[in-house]
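One is the number of the first residue; the rest follow in order along the sequence.
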Amino acid sequence: MAGTAPPTRRWLLLEHPGPWRIDAIAGAGIAPEILSILLARAGADTGVFLVRRPGRVDRRAPRSWILAGLDTDTITGLWRHDNDLLDAAAALVGDSRGAALSQPVVLVCTHGVHDVCCALRGRPVAAALASRWPELVWECSHIGGDRFASNVVLLPDGFYYGNLDPESALTTVDAHLAGRVLPDRLRGMARFLPPVQAAVIAAYQHYGLLAPLDVSVGTTEHIGPHHGHGSETFVELVIEPQRLAVRAHVLSVRRSEAQLTCRAPRETPATEYQVIDFTLL
């Protein structure tokens, strides 16, 4: 599971009560001319997702949009009509229309039409988390890694956790919100490429309870094809609290074919990132 967080810099979340189609954004019913502006301004570094509160929702109430980024403030606004989303489009290019949102955002993938595993495993997790943090938790459309359902994303940190049930989700999210990363169900961090994510996760495993930003990445050297079997990545890390410098050697290995999602029509291979050496500098 290590190294499977999709690399992303920002997330644009559009509240939409559903139903969600397989391609949630394209099927959301947003006017094509508005949607094209949003997607053009989002660019390659911004994921666009639909969200909704767990449980029953008032379809007549104004909906929220939220723009969260790794290195920017989180901004939120309301929309009732498609044209209102032009405020979100403006925020995407630095015109910060909307209000600052100081609290974190917790996303749980429940996109059952995309993969039934996400609904069956995600909805109980979303309900459990919402019972504890009702203002923070949203169900969301497909975020990748269906085979690790249920999946939870913590914003704006960009940490992805997987294979969660209600009990482990409460423990994991509670720790993260308190500034402690539990690595046993950690998929990765969106700010890094996959092999670097695996190296950082190894640091969390080796050096105990650390905060989300306690591990920083220095020099990275990659040898071989980007996603190829046998490619190697050397990552220098700094463990900030202990002021330690370490070097991780990560090997990319192509796993044997398997059914990767509940609705997959055929078996396919996946890449695993193995940390084969982890040494002090």
Side-chain angles (χ1 to χ4, degrees), residues 1-6 8 11 13 15-18 20 24 47 49-57 64 66 68 70 74 101-191 197-198 200-202 204-205 208-215 260-263:
M1 187 166 65
T4 61
T8 311
W11 295 260
L13 313 175
E15 185 176 3
H16 187 293
W20 298 341
F49 305 91
L50 299 185
V51 297
R52 62 191 173 206
R53 293 296 193 185
R56 294 185 179 274
V57 296
S64 297
I66 300 170
L70 295 174
T74 301
L101 183 66
S102 59
Q103 63 192 24
V105 176
V106 181
L107 303 178
V108 184
C109 183
T110 60
H111 197 171
V113 174
H114 194 279
D115 197 299
V116 68
C117 288
C118 295
L120 292 177
R121 301 172 188 169
R123 285 175 184 160
V125 165
L129 294 176
S131 68
R132 180 81 175 273
W133 300 283
E135 299 302 316
L136 307 185
V137 178
W138 298 85
E139 296 183 359
C140 74
S141 57
H142 176 62
I143 58 172
D146 297 344
R147 65 191 184 278
F148 305 122
S150 70
N151 289 292
V152 171
V153 183
L154 275 294
L155 302 179
D157 293 340
F159 276 60
Y160 282 61
Y161 294 92
N163 286 341
L164 295 165
D165 55 26
E167 181 179 359
S168 60
L170 286 167
T171 301
T172 299
V173 172
D174 184 54
H176 191 104
L177 294 178
R180 302 186 306 275
V181 175
L182 302 182
D184 57 326
R185 298 177 190 267
L186 181 57
R187 289 180 52 190
M189 318 82 196
R191 68 174 65 243
Q197 295 177 30
V200 175
I201 291 172
Y204 282 115
Q205 292 168 336
L209 292 178
L210 299 169
L213 298 181
D214 277 352
V215 181
L260 299 184
T261 66
C262 292
R263 68 187 300 269

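- At least one side-chain heavy atom of Leu129 sits less than 4.5 Å from a side-chain heavy atom of Val152.
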Subject >> side-chain contact (heavy atoms from CB on, under 4.5 Å) evaluation trace for Leu186 with His176 >> reply: CA-CA 11 Å; Leu186 181 57; His176 191 104; over 6 Å; no
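- Looking only at distances, a side-chain donor or acceptor of Asn151 sits under 3.5 Å from a matching main-chain atom of Gly145.
- Considering all non-hydrogen atoms of both residues, Cys117 and Ala149 come closest at O-CB, 3.8 Å.
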Subject >> Thr110 and Arg123: CA distance, side-chain angles, deciding distance, side-chain hydrogen bond (donor to acceptor under 3.5 Å, both in side chains) verdict >> reply: CA-CA 6 Å; Thr110 60; Arg123 285 175 184 160; 4.8 Å; no
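- Between His142 and Cys109, the shortest heavy-atom distance links the atoms CA-SG, 3.9 Å.
- Here the CD-CZ distance, from Gln197 to Phe159, works out to 9.5 Å after rounding to the nearest 0.5 Å.
- Closest approach of Pro156 to Leu70, counting heavy atoms only: O-CD2, 3.3 Å.
- A 4.5 Å side-chain heavy-atom check between Val181 and Leu210 finds every atom pair outside the cut-off.
- Checking side-chain atoms of Glu139 against main-chain N and O of Ala126 turns up no donor-acceptor pair under 3.5 Å.
- Relative to the ring axis of Trp138, Arg53 places its NZ or CZ within 45° and under 6.0 Å from the centre.
- Interatomic distance, CZ of Arg121 versus CG of Leu164, reported as 11.5 Å (0.5 Å rounding).
- In this structure a side-chain-to-backbone donor-acceptor pair under 3.5 Å is present from Arg185 to Asn163.
- Annotation: the span from Asp174 atom CG to Arg180 atom CZ amounts to 7.0 Å, rounded to 0.5 Å.
- Across Trp133 and Val173, no two heavy atoms sit closer than the pair CZ3-CG1, 3.7 Å.
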Original post:
side-chain contact (heavy atoms from CB on, under 4.5 Å) between Ile66 and Leu155: does it pass, once the steps are laid out?
Top reply: CA-CA 11 Å; Ile66 300 170; Leu155 302 179; over 6 Å; no
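- Considering all non-hydrogen atoms of both residues, Ala24 and His111 come closest at CB-CE1, 3.6 Å.
- Distance alone, capped at 3.5 Å, is enough to place a donor-acceptor pair between the Thr172 side chain and the Ser168 backbone.
- Among all heavy-atom pairs drawn from Ser150 and Gly122, the shortest one is CB-CA, 3.6 Å.
- The shortest distance between side-chain heavy atoms of Phe49 and Leu107 does not fall below 4.5 Å.
- Residues Leu177 and Leu136 are in side-chain contact: their nearest non-hydrogen atoms beyond the backbone lie under 4.5 Å apart.
- Taken from CG in Leu213 to CE in Met189, the straight-line distance is 10.5 Å, to the nearest 0.5 Å.
- Checking side-chain atoms of Ser141 against main-chain N and O of Leu50 turns up a donor-acceptor pair under 3.5 Å.
- In this pair, Tyr160 and Trp11 present their aromatic rings tilted. The plane angle is within the 30 to 60° band.
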Subject >> Stepwise side-chain contact (heavy atoms from CB on, under 4.5 Å) test for Glu15 and Leu13 >> reply: CA-CA 6 Å; Glu15 185 176 3; Leu13 313 175; over 6 Å; no
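- Within the 4.5 Å cutoff, the side chain of Pro54 has heavy atoms near those of the Val137 side chain.
- Distance alone, capped at 3.5 Å, places no donor-acceptor pair between the Tyr161 side chain and the Gly188 backbone.
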